[in-house]
Amino acid sequence: MEYVVALRKKEEIESMKKYLLEHSYRDYLLFVLGINTGMKLSEMLKLQKQDVMNQDGRVYSFIRIDSGQPVKLREVYLNSVVKESLLEYASHKELKMNDYLFASPKTNKPISRQQAYRIIHDAAVKAGLSEKIGTHTMRKTFGYHAYKQGVAISLLQRIFHHSTKSETLKYLGISKDEDIKTEIDVHL
């Protein structure tokens with residue numbers, strides 16, 4: 001498996017989002033969900049409409065994920081960007097409650113990990129990004145920007161199931177002596 005990087009610049013993220021939105025709302029949602037939640041690809045691909053919204057079409061603020069780790073169930077927060085994207089996608093697709101969010105049009109089963117990689121990698125190429133980009137880029141982008149906004153590295157370490165803080169910093173592509181300008185934005 002190739003080493004991939006986080007998208008550090010907001011312009012890169014916006015380029016990816018713009019390209020994906022123009023080509024497939026499903027693929028756009030995959031990217032938006034990944035960079036805003038830090039979920040593993042395998043967790044995202046299993047999601048059905050019923051996991052993220054109720055019968056009335058209201059998107060949950062938190063969803064429960066079975067991570068397969070020692071602490072099996074964990075809650076993942078869905079921010080307003082994810083909620084908006086989910087509502088838009090569900091209305092375009094007219095999803096049933098047990099439909100997979102990221103279904104292949106041929107099988108109605110979740111797309112494969114390889115297909116998800118092709119989607120993200122190709123979007124990066126088409127958006128003009130020269131770095132190594134893959135599905136882990138979404139998780140790393142989430143972690144990098146969370147860290148930059150002041151989220152404690154120990155919390156990110158727990159989310160990523162890493163054993164040390166230095167492992168998490170390395171995963172995010174942050175060197176110990178790198179000066180990251182923290183942007184703590186509290187809306188009181």
Please report the C-alpha distance between K93 and R26 in whole Å, then the side-chain angles of each, then the deciding distance to 0.1 Å, and finally whether the side-chain contact (heavy atoms from CB on, under 4.5 Å) criterion is met. CA-CA 9 Å; K93 279 295 271 184; R26 179 200 67 187; over 6 Å; no

Could you go step by step and tell me if F31 and I119 meet the side-chain contact (heavy atoms from CB on, under 4.5 Å) rule? CA-CA 9 Å; F31 184 69; I119 289 165; over 6 Å; no

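By the side chain to side chain contact (heavy atoms under 4.5 Å, CB included) test, F160 is found to be paired with R139, F142, L156, H162, T168, Y171, L172, residues two or more places apart in sequence or in another chain being considered. By the side chain to side chain donor-acceptor pair (under 3.5 Å) test, Q48 pairs with Q50, sequence neighbours left out. Scanning for side chain to side chain contact (heavy atoms under 4.5 Å, CB included) contacts around E178 gives R8, I174, S175, I180, with sequence neighbours left out. Residues satisfying the side chain to side chain donor-acceptor pair (under 3.5 Å) criterion with S163, sequence neighbours excluded, are E167. Taking S61 as the reference, K83 meet the side chain to side chain donor-acceptor pair (under 3.5 Å) condition, with sequence neighbours excluded. Remark: S104 pairs with no residue by the side chain to side chain donor-acceptor pair (under 3.5 Å) rule, at least two apart or across chains. Applying the side chain to side chain contact (heavy atoms under 4.5 Å, CB included) test to V76 and every residue at least two apart in sequence or in another chain returns T37, M39, I63, I65, R74.
Counting all heavy atoms, side chain and backbone alike, L155 lies closest to V151 at CD2-CG1, 3.7 Å. When all heavy atoms of T137 and V5 are compared, the closest pair comes out as OG1-O, 3.0 Å. Annotation for I120 and G134: closest pair CG2-O, 3.5 Å, computed over non-hydrogen atoms. In terms of heavy-atom proximity, N108 sits nearest to P105 at OD1-O, 4.3 Å. Residues L20 and A123 come closest through the heavy atom pair CD2-CB, 3.6 Å.
In this structure, E22 pairs ionically with K18, as a charged nitrogen and a carboxylate oxygen lie closer than 4.0 Å.
Hydrophobic clustering (ILVMFWY, side-chain heavy atoms < 4.5 Å, transitive): V4 and Y144 are in distinct clusters. Linking Ile, Leu, Val, Met, Phe, Trp and Tyr residues whenever their side-chain heavy atoms come within less than 4.5 Å leaves V125 and L21 in two separate clusters. With hydrophobic clusters built from ILVMFWY side chains whose heavy atoms lie under 4.5 angstrom apart, L29 shares a cluster with V81.
Rounded to the nearest 0.5 Å, atoms CG (L78) and OG (S85) are 10.5 Å apart. Within the model, atoms CG of L86 and CG of L101 stand 6.5 Å from one another, a figure rounded to the nearest 0.5 Å. Taken from CD1 in I35 to NE2 in H145, the straight-line distance is 8.0 Å, to the nearest 0.5 Å. In this structure, M16 CE and T141 OG1 are separated by 8.0 Å, a value rounded to the nearest 0.5 Å. Distance CD/E88 to OH/Y28: 9.0 Å, rounded to 0.5 Å. Taken to the nearest 0.5 Å, the CG atom of L7 stands 11.5 Å off from the NZ atom of K17.
Applying the salt bridge (charged side-chain N to carboxylate O under 4.0 Å, His left out) test to pairs two or more places apart or on separate chains, those with a residue in residues 50-64 are R64-E75. Pairs of residues two or more places apart, or lying in two chains, never qualify as salt bridge (charged side-chain N to carboxylate O under 4.0 Å, His left out) while including a residue from residues 151-164. A salt bridge (charged side-chain N to carboxylate O under 4.0 Å, His left out) check over residues 96-108, counting only residues at least two apart or in different chains, returns nothing. Applying the ring pair (Phe, Tyr, Trp, His ring centres under 6.0 Å) test to pairs two or more places apart or on separate chains, those with a residue in residues 94-120 are Y117-H121.
Taking Ile, Leu, Val, Met, Phe, Trp and Tyr as hydrophobic and joining them when side-chain heavy atoms fall under 4.5 Å apart, one finds F62 in a cluster with Y77.
You'll find the side chain of L87 reaches within 4.5 Å of the side chain of M53, heavy atoms only.
Side chain of K49 to main chain of N98: no donor-acceptor pair is present (N/O by atom type, distance under 3.5 Å, no hydrogens or angles).
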